[in-house]
Colleague: 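Once you've had a glance at the structure underneath, I'll fire off some questions.
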Amino acid sequence: MIGNFQLEARRLGVHSLPYLKLGLVALGALALNIAVGVGLGTGHTALVIAAAVVLPAFVVVSHLIVAHRDWIVLAALLLTMLGGNLTDRLPGTGSTAIYPSDVFLALALAGFVIERLTSRERVVRAYRVPFTLTWPLAFFALTLMIGVFRGHQRYGTSYLSQPTRMIVYAAIIVAVSSMRMPKALGQIVRVMYGVTVAQALIGAYHLATGTSQTSAGSASLSTGGSRALALTTAMFLAAALVLALLNLEIDVRGRRWLHGTVAALALFGVVVALGRTTYAAVAVVVPVLLLGLRHLRRTLLAYAPLLAALLAAAIALILQLDPSLSSTLGQRLNHHVSNDPSLIQRQRKFDAVLQGFGNEPLLGLGYGRPVTFTAIDGTEITFSGDP
């Protein structure tokens, strides 16, 4: 009878709980009992409440990071697209800055480790990198770490800095690999579409109130006026625009109205962010898509009258929200680049960063080097010399 039950369990994909899981639960229950006993004995109610919450939270998080690592990727994408204070360093993390993205990476790695330790089948998935990429990537990581080490020795730069993250964040592949197509594509589309709608509403609000998604310094433009949405938001919206256009090509008999609406809202967000680099990227990519995607061309031609009417209505609405946007946009597109104070300032910073690079060509100067340059107004400004 027991043998038949085991065979049926294997047929249904049900396995007995590994000993490691039993040990973790037992240790957690023991720690919980000790904490509750200490809390009751000393009269610390907060300790009792915390002890009652920690173990269930541990179980929930463990289940999440093992069984649903794709949620970690989607949550990280959602948080990054929303931007703002959500991506700032976590409070109370001390001198070493810890960001929400670091937490997502830690959860992804923890899920991978727990899965490998508790899996009864012991099937280890290979993450193969083409040989032609292996050595260049290894050399890239080595040179970055040399710069991090020298920066720590010379300028006190933290080992856990942005250059280090360029290497360790590659480990997010252990979470991405748990996603399955086309389910993953559908999930990513829902996240990006939802955020596009939200950011379009936020952009309309900032236009109507004369405010900005960014800080006052970042919002003010050298050509006059201010941007409603942040440049980072514009980059994600440009990606959402491309995704919506691709869905117009693929989803021939599906919800074309949805894809077209998202594309229009994403384009609106890109425009009100007033980022010339993003404009250039969209101006290059969209024509390439139109040339290469036949169904997309047919769709846009078929709905050209409706799109023209919607575009006219959108322009009228935008000008009602912010009448100065048209002149600001014209200045961004027609302003003589050589006279742009922002560009002149960046060129001076660039020249200051490159000074001294030839002195130590082999090992470099290290990350975190302080660099000083003379601003347009004559003041001396010091900033990090990381290119």
Side-chain angles (χ1 to χ4, degrees), residues 65 69-70 72-73 75-77 79-81 83 86-117 124-179 231-232 235-236 239 277 346 348-373 381-387:
I65 62 181
R69 291 206 307 275
D70 53 339
I72 299 172
V73 178
L77 176 62
L79 200 69
T80 307
M81 289 188 67
L86 296 175
T87 56
D88 291 344
R89 61 177 295 174
L90 298 176
T93 54
S95 58
T96 301
I98 302 296
Y99 295 90
S101 52
D102 300 333
V103 177
F104 286 122
L105 179 64
L107 290 175
L109 291 175
F112 176 76
V113 172
I114 293 176
E115 182 186 37
R116 295 279 76 79
L117 292 176
V124 180
R125 185 181 296 133
Y127 302 95
R128 298 186 180 276
V129 179
F131 179 78
T132 54
L133 292 179
T134 303
W135 289 109
L137 290 175
F139 179 74
F140 176 67
L142 175 62
T143 54
L144 281 179
M145 292 312 300
I146 291 175
V148 171
F149 178 78
R150 290 173 69 83
H152 178 77
Q153 297 297 320
R154 293 183 173 189
Y155 321 115
T157 306
S158 173
Y159 282 123
L160 183 58
S161 55
Q162 294 302 94
T164 309
R165 288 182 171 92
M166 293 178 67
I167 302 173
V168 298
Y169 274 25
I172 197 66
I173 187 63
V174 301
V176 177
S177 63
S178 66
M179 306 178 75
L231 290 176
T232 304
M235 288 188 285
F236 279 111
T277 305
R346 293 177 189 178
R348 293 186 180 183
K349 295 177 70 175
F350 179 76
D351 294 338
V353 165
L354 292 183
Q355 291 180 1
F357 262 53
N359 298 334
E360 300 184 56
L362 184 60
L363 297 179
L365 299 171
Y367 288 102
R369 178 173 61 102
V371 173
T372 302
F373 79 103
I381 298 178
T382 300
F383 66 103
S384 173
D386 296 342

Colleague: Determine yes or no for a side-chain-to-main-chain donor-acceptor pair under 3.5 angstrom, with His152 supplying the side chain and Thr157 the backbone.
Modeller: yes
Colleague: Do the charged groups of Glu360 and Arg154 touch, with an N to O distance under 4.0 Å?
Modeller: yes
Colleague: In terms of ring plane angle, is the pair Phe383 and Phe373 parallel, tilted or perpendicular, where the classes change at 30° and 60°?
Modeller: perpendicular
Colleague: If I take atom OG1 from residue Thr372 and atom CD from residue Gln355, how far apart are they, to the nearest 0.5 angstrom?
Modeller: 10.0 Å
Colleague: Looking only at non-hydrogen atoms, find the nearest pair between Leu109 and Ala171 and report the distance.
Modeller: CD2-CB, 3.6 Å
Colleague: Give the minimum heavy-atom separation between Val371 and Gly385, together with the two atoms involved.
Modeller: CG2-CA, 3.5 Å
Colleague: What distance do Thr143 atom OG1 and Leu362 atom CG have between them, rounded to the nearest 0.5 Å?
Modeller: 11.0 Å
Colleague: Does the side-chain contact (heavy atoms from CB on, under 4.5 Å) test come out yes or no for Asp386 and Gln162, once each step is laid out?
Modeller: CA-CA 10 Å; Asp386 296 342; Gln162 294 302 94; over 6 Å; no
Colleague: Within a 6.0 Å radius of atom OH on Tyr169, are there more than 12 heavy atoms belonging to other residues, nucleotides or ligands?
Modeller: yes
Colleague: How long is the straight-line distance from CG of Leu105 back to OH of Tyr99, given to the nearest 0.5 Å?
Modeller: 15.0 Å
Colleague: How close do Gly368 and Ser384 get, counting heavy atoms only, and between which atoms?
Modeller: CA-OG, 4.0 Å
Colleague: Nearest 0.5 Å, what's the CE-OG1 distance between Met166 and Thr164?
Modeller: 10.0 Å
Colleague: Taking all atoms of both residues into account, what is the closest heavy-atom pair of Ile146 and Leu363, and its distance?
Modeller: CG2-O, 3.8 Å
Colleague: Would you please name every residue forming a salt bridge (Lys or Arg N to Asp or Glu O under 4.0 Å) with Arg346, sequence neighbours left out?
Modeller: none
Colleague: Can you pull the salt bridge (Lys or Arg N to Asp or Glu O under 4.0 Å) pairs that have at least one residue in residues 99-108, sequence neighbours excluded?
Modeller: Asp102-Arg165
Colleague: How about Tyr155: does its OH atom have over 12 heavy atoms from other parts shown lying under 6.0 Å from it?
Modeller: yes
Colleague: Return the minimal non-hydrogen interatomic distance between Ala141 and Ile167, and the atom names on each side.
Modeller: O-CD1, 3.5 Å
Colleague: Tyr367 and Ser161: side-chain donor and acceptor closer than 3.5 Å?
Modeller: no
Colleague: So which heavy atom on Phe104 is nearest to which on Ile72, and how close?
Modeller: O-CG2, 3.4 Å
